[in-house]
Structures are given as C-alpha cells and as structure tokens.
Amino acid sequence: MNTIEVRAWAKLNLSLDVLGKLTDGYHAMRMVMQSVTLCDDLRVSLTEKREFTADTNLRYLPGDERNIAAKAGKVFLEKIHERRHGVHVEITKRVPVCAGLGGGSGDAAAVLRAMNELTSAHLPGAELEALALLVGADVPFCVAGGTALAEGRGERLTQLPPIPDCAIVIVKPEFSVSTPDLFAKLNCAALRCHPDTDGIIQAIREGSLLNLSRRVYNVFEDVLPRGSGEVCALKGALLDSGALGVAMSGTGPSVFGLFAEKAAAEAAAERLRGKVRDCFLCAPMRKIEIDK
C-alpha cells in the first residue's frame, strides 16, 4: 500500500489563556481544545522520488515544503531514517485557512497518522505527538484530537472526558488575522480577563454543557485589531439565536457557538449563511485511538 486516505479535523479553543513568555521566546499557553467534525480530506502517498509536495483545491496555498502537510511528511520520514522515498499529499480543503481553526495543523497531523500506517512504523501516540511539535504548536493536539487541556506551547496534553453532546456553529468573518501581530500586541500583565479554565474542566468532568458554555473565553479577543467588530457582532448573533456560550477560536477570527439543541443550531446556521460565506454546523469529535 502506497496511498491512504485520511481526514483532518478542525479544532476549537474552548478556552485560551496566555500566561507569559517562555525562555525560548514562545508564549506559555493554557487552553482547553476540542476537535470537531468539520474536516479536510487528504490523500497521502509515499513516492519513489524524494520530494515533498502538496496539491490543494486552493491555488494560493504552497505546493512544496512550505505547505505544513508536506513538511509533516518529511519530518516523519526523517524520524524513521527513511531516505529513499518522498511524500505527496492531495488536500481537499473545507476548513478555512488563517481562521483559528487549526486547518493546517490538522492536515499535518493527518499526514503523520497516515505515514505511521503507510510505513508500518507503528509509532505510539505519545511519540507521534512529540514528533508533531517539530511541525507546529497545535499539531500535537490534532494528532489524536478529542478534548484535552493543552499547556506549554501546546505540546503538554492532558486528555479530558468528551464534552457533553451538543451542536456547534462556526462562523468565519470576511477578514483574516495575523497571529504574529496578535502575539506582539499581547501584554500578559495587562490582560483584563482570563478564562476560568479550571471551571471548564470541572464542567466537562460533571457533564454540564451549561456550565461549560458559560465559561468559554479567549484572551485574544482583548487585542483584536480595529475594524474587527464583526467578531462581536457574530458572537451576538449566535447568542441571540440560542447559543449557550460563544467565543473566538485560536487567534481568530472564527467564532463558535455551543447549542444544546441541534434544531436551534441549524436555524442559527441558516440565518448566518445569509450574512457570511463561511458558516458550518458541526459536532464535537472524540479522541482518535492510536497505538500506545
């Protein structure tokens, strides 16, 4: 077998807190992350020619090792000391790019899972997550997904129970946000609000969607650039439509709402699709089981 088809799931930040800067220049994060059923489709091939390439349905995405999915293939083969082959990835993108939804990270993680099977390397989940950090900060979580507390740069993962059943509406405004710019603007000492991450974890353990939803929050909402009032407007529209809780994911600009009833979420999504291009109705995903 030289080719395998896999899916790459989007992620949400149910909470996102930045605690300060690490000695390596990265920021110390503490966040509850959740994978959802919005996904990209990938076809991953082990090739005879030692090149690392990617094709997508979005022409502006790079097709060489600048594409994080192609990079993940290279990192994996270097890890197992395989120098004879290359990797080609065909990606059908559905997860919006530059949206705070981990679209690129999910693609990279899916490539790592696919390569683990294609090469019969059978790296355990923990080793695959450690390898994923060489590709990107959110990639370790995306390897298995589910519900997890992520700390450090995002690589220290503590698996949590699945969140209660719910429907999720994700909306991406018609603009993008620069992640480096937001981090540069962030003054951890001056942050006015922090998410109740421990409260979210407790609500998850208790199976309370209401208590979880009331606590979702993202510190980057405090440092959004001027002209991004659409984020607040969309959050308000989701709440008006019956969402129990709303927040921005990652460094944005996508926002999401958690709904107890699928019918209410469907109605909200239908209304919002008349206002924005990218609006998705999805559900939470459980952890992907990988060999230990």
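Bear in mind the structure is a predicted one, so any value in this text is a computation, not a measurement.
- Of the possible donor and acceptor atoms, none in the side chain of Ser249 sits under 3.5 Å from a partner among the backbone N and O of Leu101.
- Sorted by first and then second residue, the pairs that involve residues 85-99 and meet side chain to side chain donor-acceptor pair (under 3.5 Å), not counting sequence neighbours, are Asp40-Lys93, Asp41-Arg94, Thr53-His88, Asp55-His88, Glu82-His85, Lys93-Asp107.
- Listed by first and then second residue, the salt bridge (charged side-chain N to carboxylate O under 4.0 Å, His left out) pairs involving residues 167-179 amount to none (not counting sequence neighbours).
- The list of ring-ring contact (aromatic ring centres under 6.0 Å, His included) pairs with a residue in residues 17-52, not counting sequence neighbours, reads His27-Phe183.
- Remark: Arg153 does not engage Glu155 in a salt bridge, criterion side-chain N to carboxylate O under 4.0 Å.
- Pairs passing the side chain to side chain donor-acceptor pair (under 3.5 Å) check and including a residue from residues 266-278, sequence neighbours excluded, read Ser241-Arg271.
- Under 4.0 Å is where a charged nitrogen must lie from a carboxylate oxygen, and between Arg30 and Asp198 at least one such pair does.
- With sequence neighbours left out, Gln159 forms a side chain to side chain donor-acceptor pair (under 3.5 Å) with no residue at all.
- Between Phe175 and Val231, the shortest heavy-atom distance links the atoms CZ-CG2, 3.9 Å.
- Of the residues Leu16, Val219, Asn13, the one that meets the side-chain contact (heavy atoms from CB on, under 4.5 Å) test with Pro195 is Val219.
- When Ile168, Val255, Val216 are each tested for a side-chain contact (heavy atoms from CB on, under 4.5 Å) with Leu12, only one passes: Ile168.
- With sequence neighbours left out, Glu206 forms a side chain to side chain donor-acceptor pair (under 3.5 Å) with Gln202.
- Linking ILVMFWY residues whenever their side-chain heavy atoms come closer than 4.5 Å, directly or via other members, places Leu134 and Ile290 in the same cluster.
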